[in-house]
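Below, chains carry the letters A, B, ... as their sequence lines are ordered, and counting in each starts from 1.
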Amino acid sequence: MSADDAMRAAARKLAAAIRDAEDFRACVFAIESEAAERYAELADLMATHNNREVAALFRRLAEIEGLHARKMLAPDGSAPRLLPAGIDFVGAETVSHEAMHYLMTPRQALALALEGECKAVALFEALAEGAADPAIRRLAAEMAVEERGHVALVQAWMTKFPEPEADWDHDPDPPRLD
Amino acid sequence: MSAAPAYVAKDYKSDVKPVWCPGCGDFSVLAAFGKAFAELGLAPERVAVISGIGCSSRIPAYTRTYGFHGVHGRALALATGLKLARPELTVVAAGGDGDGFSIGGNHFLHACRRNVDLTYVVMDNRVYGMTKGQPSPTTEPDWDSALSPGGTGLRPFNPLVIALASGANFVARAFSGDPNACAAMIVAAIRHPGFSFVEILSPCVTFRPDQRGWKEQVRQAPVAATGDPARAARRLMTDDGFNLGVLYQGDRLPYRPPPGEGARPADLEAEFAA
Ligand SMILES: Cc1ncc(C[n+]2csc(CCOP(=O)(O)OP(=O)(O)O)c2C)c(N)n1
Ligand code: SF4
């Protein structure tokens with residue numbers, strides 16, 4: 001299944017489970033919070049491996065995603081209601097651990113973030129087209145616009161960092177023994 | 001409106017930062033533990049995660065439940081003792097293929113045979129990660145490396161077949177690349193009475209970079225779980241190691257100690273008094 005197909009399948013599942021705007025907020029809150037937590041984890045991980053530049057970048061991304069999550073809070077600061085039953089999928093924007101490398105460059109870290117943001121755009125676009133309730137379609141379309149803004153932001157950041165050198169993963173003291 | 005869940009995955013994460021290599025499959029297993037415990041609504045103080053030694057065996061340190069990072073290969077001995085002494089706890093033993101099937105192999109056989117109500121999660125990366133890449137019992141015979149030039153030439157240990165033959169009541173395989181499916185598998189294993197064994201294929205990206213290719217190799221097993229050990233055995237004997245799902249679900253009654261008062265800690269201590 002391609003990443004886009006996976007997002008469309010996730011969007012269909014979300015569309016079927018979301019009953020109203022409150023449910024929608026709950027889902028967005030979960031998606032953004034999980035993405036923020038993962039970036040914070042990746043920042044810690046890179047700090048452990050002394051890759052400070054990428055650690056700082058992931059820390060910044062964690063802050064940005066945290067802000068998005070907080071946007072879903074009610075005016076009195078309370079968290080939205082819990083995820084609707086049947087929704088276990090919240091990793092829409094979450095970057096996977098598998099793609100990490102201890103010597104990765106900032107540009108590669110941003111490429112990963114870009115993948116996460118593109119997945120989120122695909123999810124909200126599919127919801128904006130496929131949700132039955134017009135109010136949800138409108139909210140999803142707004143989120144898609146916002147996520148497209150993040151895609152542009154990450155792309156702009158990427159231009160500030162050089163492409164990785166061909167031997168970016170060369171470690172003069174590598175962990176492999178052969 | 002559905003009732004609020006008592007816990008979320010984050011509630012089970014400790015403040016200790018994992019020192020695993022970036023990309024190690026064990027990160028996803030840790031995430032799956034949190035999701036599974038939250039799904040089951042388990043109070044952190046009602047869960048104990050017990051391990052031996054290895055990269056994967058560090059998992060209790062990263063989990064905010066009771067935990068014991070024990071001696072190499074002895075996770076199941078510790079977990080069995082704990083479950084018998086404190087049956088009200090949910091006891092999950094965890095570790096690697098080296099810990100569980102080499103030095104801990106004998107404990108594995110007898111834990112399956114005893115069928116105490118435990119869950120055993122092995123993060124199988126077919127290598128000793130922590131000690132820098134020696135072959136383990138599940139390593140392919142032709143895996144060529146500096147420490148095993150030309151490969152070991154030895155037939156790999158098949159943990160699922162051994163678990164079934166030794167009496168495990170639940171036998172399953174998952175892949176760390178899909179943490180949600182891993183979490184669902186751990187939930188099913190904990191819910192199933194008796195000894196539940198879950199092999200999670202969890203790549204060691206440092207000493208087995210080839211395992212990054214596992215995500216293209218794994219597939220959902222085409223058949224549903226069976227409760228018939230003969231059928232499960234036939235299935236597992238022809239399995240290539242990449243079929244995911246619950247492969248056997250038996251109905252053997254778990255071992256429970258006879259009712260009655262157990263020994264008090266003071267009695268046990270008295271035996272060791274100099
Ligand atoms: C009694 C004893 N023997 C040997 C060792 C060395 N040792 C530490 S971890 C390990 C194997 C780890 O492999 P595995 O259990 O597969 O875990 P991984 O690191 O791959 O997660 C060995 C042999 C030890 N710590 N104690
Ligand atoms: S050596 Fe292998 S098993 Fe150990 S943390 Fe690194 S990737 Fe994971």
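The most heavy-atom pairs under 4.5 Å with chain B, out of A:Thr48, A:Asp44, A:Asp23, A:Leu42, come from A:Asp44.
Within a 6.0 Å sphere centred on CZ of B:Phe68, other residues, nucleotides and ligands contribute 12 heavy atoms or fewer. More than 12 non-hydrogen atoms from other residues, nucleotides or ligands lie less than 6.0 angstrom from CD of B:Glu45. Counting non-hydrogen atoms of neighbouring residues, nucleotides and ligands closer than 6.0 angstrom, the CZ atom of B:Phe157 exceeds 12 such neighbours.
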After noting the C-alpha distance and the side-chain angles of A:Glu98 and B:Lys215, does the key distance pass the side chain to side chain contact (heavy atoms under 4.5 Å, CB included) rule? CA-CA 10 Å; A:Glu98 275 174 78; B:Lys215 57 176 170 300; 3.7 Å; yes
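Side-chain contact check for B:Pro22 versus A:Met46: some heavy-atom pair is nearer than 4.5 Å.
For B:Val205, no part sits under 4.5 Å from any heavy atom of chain A, backbone or side chain.
Here the CE-CH2 distance, from A:Met100 to B:Trp20, works out to 14.5 Å after rounding to the nearest 0.5 Å.
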